[in-house]
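Lettering follows sequence order; numbering is per chain, from 1.
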Amino acid sequence: MGEIILDVVNQRTAFPTKRGMLQAVNGVNLTLERGRTLGVVGESGSGKSVLARSIMGLLPRAAQTGPGSSVHLNGRDLTALSERELRPIRGREVSTVFQDPMTALNPTLTVGAQLIEGLRHHLGMPKRAARARAIELLRSVGLPQPETRVDQFPHQLSGGMRQRVAIAIAISCEPDLLIADEPTTALDVTVQAEILDLLQRQVRERNMAMILITHDMGVVAVRCDDVAVMYAGRIVEQAPVRELFQRTRMPYTAALLSSIPRITDGPHRRLDAIGGRPPDLIHPPAGCAFAPRCKFASDPCQGVMPALEGDERHRFACHTPLQVEAVA
Amino acid sequence: MADIAAHTKSAASQSEAATQDANAAAIAAFEKRNRMGPFMWLPIIWLCIVIALALFAPLLGLLPADEMDFMALKAAPGAADGHLLGTDHLGRDLFSRVIYGGRVSLTVGFAAPAIGVGLGLILGMAAGYYRGWIDDVVGIAIDTWLAIPGLVILLLFAVVFGGSLFMVCLSLGLLFIPTAARITRAATMKYAGREFVLAARAMGASDRRILVKEILPNVIWPLIAFVLIDIPIAIVVEGALSFLGLSVKAPTPSWGGIIAEGREHLESSPHIALIPTAVMFLTVLSFNLVGDTIRRRMSDVREGAI
Amino acid sequence: MRFLLRRFQRLVIVMAAVTFVTFILVNVLPGDVAYEMAGMDASEAEVAEIREEIGLNRPLPIRYLEWVGGVFTGDWGRSFINEEDVWHAITQRFPVSIELMLLAQVMALALAVPMGMISAYRPDSRADRIIAGVAFASVSMPSFMTGLLLIYFFSLTLGWLPATGYEPLSAGLWANLKPMILPALSLALVEWTVLMRTLRAEMIGVLQEDYISLARAKGMSNARILWGHALRPSSFTMLTILGLQVARLMGGTIIIEQIFGIPGVGRLLIHAVYTRDFIVIQGCVTFFALAFVLVNFAVDIAYAWLDPRVRQGGKAHG
């Protein structure tokens, strides 16, 4: 077992709304070791992005974190730290790549300024050294002509190049954990693979841990070591990739798997292939949140919330799990 | 394993209760923001007092606003008998001057926006409904109008038309036309293409009928919010005009006029200028506060409806 | 380019309309300048004679065209009261008004930017509400009242700053600025609220942008996020308003120049109004309108130029 970088215990995050509290993340437990990539999968609204932001401590002010929630990064509980105490950790120990590179870079600052800022702040580099390092980083993420690009504004770059810049910013201070929140959703299909390759290579070279948030089971299959499937703010199935794909237990996971886009599908196909609507997170059903959409649902599914059970390798929350043949 | 499950379940039911509490708290917080506080009631009370005093001024047995008391020139508030707020440099009773001045300010405050928004409504509906040359002419007229600072227009009108209350209301009202016309035009254009208007037209309704029955009820709402903003503006601008001596003619008191007179004696008797200043400030502030609250509620209601 | 051409076309039509309407207004009405010039107890015959003399009896359109022709050649006519050349009178006083307006804008910005930032940082917080309250009070206080109160406190009571007067820049920077502070502040205390609200509204939006989250994710301090990351993308609308406010400021300077005895164009206009010196009124109104229209024109151009996203024809969000 490798060094544990991240340990999330019973994370609960809620937002007040006009209709009541919206329970976006509802009791999530996760651990992540150095060098491994965890895929967090789910439909939009399943709470995966809120989970990512909860780990970073980047929630909107109105958000409420449940009592008993904790996020340990390198052994330190981030939830116990103040905003000021978090600053030296953010960007240095944990950093993030957002979904849409169009909005994730400041339109009024040059690429260089946005890169150099972190280097100077965290590593205390002098201006010139930081600039040289910035160019080097841009080169390492495969940005052509980094010497000129460094002085350009984001709108002068293509979407794929911007995401490369965003990755350069994320890895600039050698963090231990990288959280990539659907880093390719907003990009052209042609560059998606390149960006994922880049992320994977950087994680391996720098021996980081990565949480890769996605709605695409196809991406998970190729890029991740472990998978956590989220539904209605909870993890409903969790296992190493091969195990999950071969011995799927939770019907929701199965539904996700059957919606992996095939070559024959058009681009940008989302997971709306699953029938029915996502659950109401303000007044969640008493039982399994997936029950209304599940063809295997029985009486206990409606009334009792299934717990996340199973062995060390493979956990799932389901009263009527799919049967798997005993394969060696 | 069963242990863990039981534990999780009881935790779930606990958390459910907590969720319900949190729900109630969140909803209460949202409602609290919409509740009327003292910043709604105090301005309303003040406005009621000011409007009532102005309305019933002749019945209150006040001293005539232009009667000079040579025994009490520049008397401070309470210093001379019978002069509650003191007197000005000519010994005129400030209390009655401020009240009578309020009649001018409030008349202008209500009349000018009404005139302006009314005319703007007609122009805007005509431009937005008929389009074509009417739209062009109205557009250029509005642009022209907006190309001159408002106060300059008013100065011009003051020179040209003199200082009757009616002319002040009218010329000030003209200032409110452009924005009202623009809002109406945009709204009219939006509704003119809607199904219910097309249906009415298909059934042979006349243009006038369509404008009055179908379009007017829809475009008038944003304008009402607009009137609310205009009232304090009208009062302020009238104040500025009369401060410059270009509103109603001299013996008739008006807030701006009293302030201008008091300005000459600011050093020796500051109360002459400061009392009408305070009254006018509170009145304008109250109109702003009330208008803002009503406007916010109206937009809440309309957002909720859509 | 076509956009500019169309704006320019409109500008010409508007200016023609403004000057023409003004011309008719100041000329058709009774109580014209001839009475003023003839004096209190002149007979109708004497007034008529003066009319004839200064050409008031010729047809209006011809006089208008003559006057317009003059405007283009720099001949804006001469004051009937003191024979002063109108163009000269305006251009001589204009820099004073400009200084007043600039100073007022700078003060308004100096108030609006930090206040708007504090408000936007925590919307609905106590600080936000206090600032909103102060802004509300501030906007309910027209500049002539503010001016009066400032004179009362800072000149009469405390004796720190002069109540009236003007010193040219040649008398020294401080001598020049000193009497300008209160008048500029009177204007700024009304204008800052609009700027503050605009900045607040836009910054609240910007602070929810991903790139602000990213700056937080990089571990940047709040001050750095607000000033370094959020201010610039939040200020486009505010800058537009800043330009548009010039119009309101022009109105404001008229009164403020009067109160503080500052020899600017506003005071020239008021004086002309009091004496019904119509050629000067005509000149001032034309000048104000022209200045206003040109400022708006400039703002339109500046806006497109300022925002790199607009420049590139990309999507602008806000």
Inset, instruction - Apply the test side chain to side chain contact (heavy atoms under 4.5 Å, CB included) to residues C/Arg232 and A/Leu109: give CA-CA distance (whole Å), side-chain angles for both, the deciding distance (0.1 Å), then the verdict. - result: CA-CA 9 Å; C/Arg232 213 178 326 174; A/Leu109 296 177; 3.8 Å; yes
Which atoms of [X] come close to chain C, meaning under 4.5 Å heavy atom to heavy atom: side chain ones, backbone ones, both, or neither?
| X | result |
| --- | --- |
| A/Gln114 | both |
| A/Leu58 | both |
| A/Arg53 | side chain |
| A/Leu59 | backbone |

Quick one: does [X]'s side chain get under 4.5 Å of [Y]'s, heavy atoms only?
| X | Y | value |
| --- | --- | --- |
| C/Lys218 | A/His121 | no |
| A/Arg87 | C/Asn222 | yes |
| C/Arg216 | A/Met56 | no |

Inset, instruction - Could you tell me whether a side-chain N or O of A/Asn106 sits under 3.5 Å from a main-chain N or O of C/His229, the two making a donor and an acceptor? - result: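 Yes, because the side chain of A/Asn106 sits within donor-acceptor range (under 3.5 Å) of the backbone of C/His229.
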Legend entry - Distance, nearest 0.5 Å, that separates CG of A/Asp100 from CD of C/Glu209: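 Reported value, rounded in 0.5 Å steps: 10.0 Å.
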Inset, instruction - Write out, in numerical order, the residues from residues 90-98 of chain A with a heavy atom short of 4.5 Å from a heavy atom in chain C. - result: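 So the qualifying residues are A/Arg90, A/Gly91, A/Val94, A/Thr96, A/Phe98.
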Inset, instruction - Select all residues of residues 161-176 of chain A having any heavy atom within less than 4.5 Å of some heavy atom of chain C, and report them by number, or 'none'. - result: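 Within residues 161-176 of chain A, near chain C: A/Ile169.
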Inset, instruction - Specify the closest pair of heavy atoms between C/Tyr211 and A/Pro107, including all atoms of both residues, with the distance to one decimal. - result: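 Where C/Tyr211 meets A/Pro107 most closely, the heavy atoms are CE2-CD, 3.4 Å.
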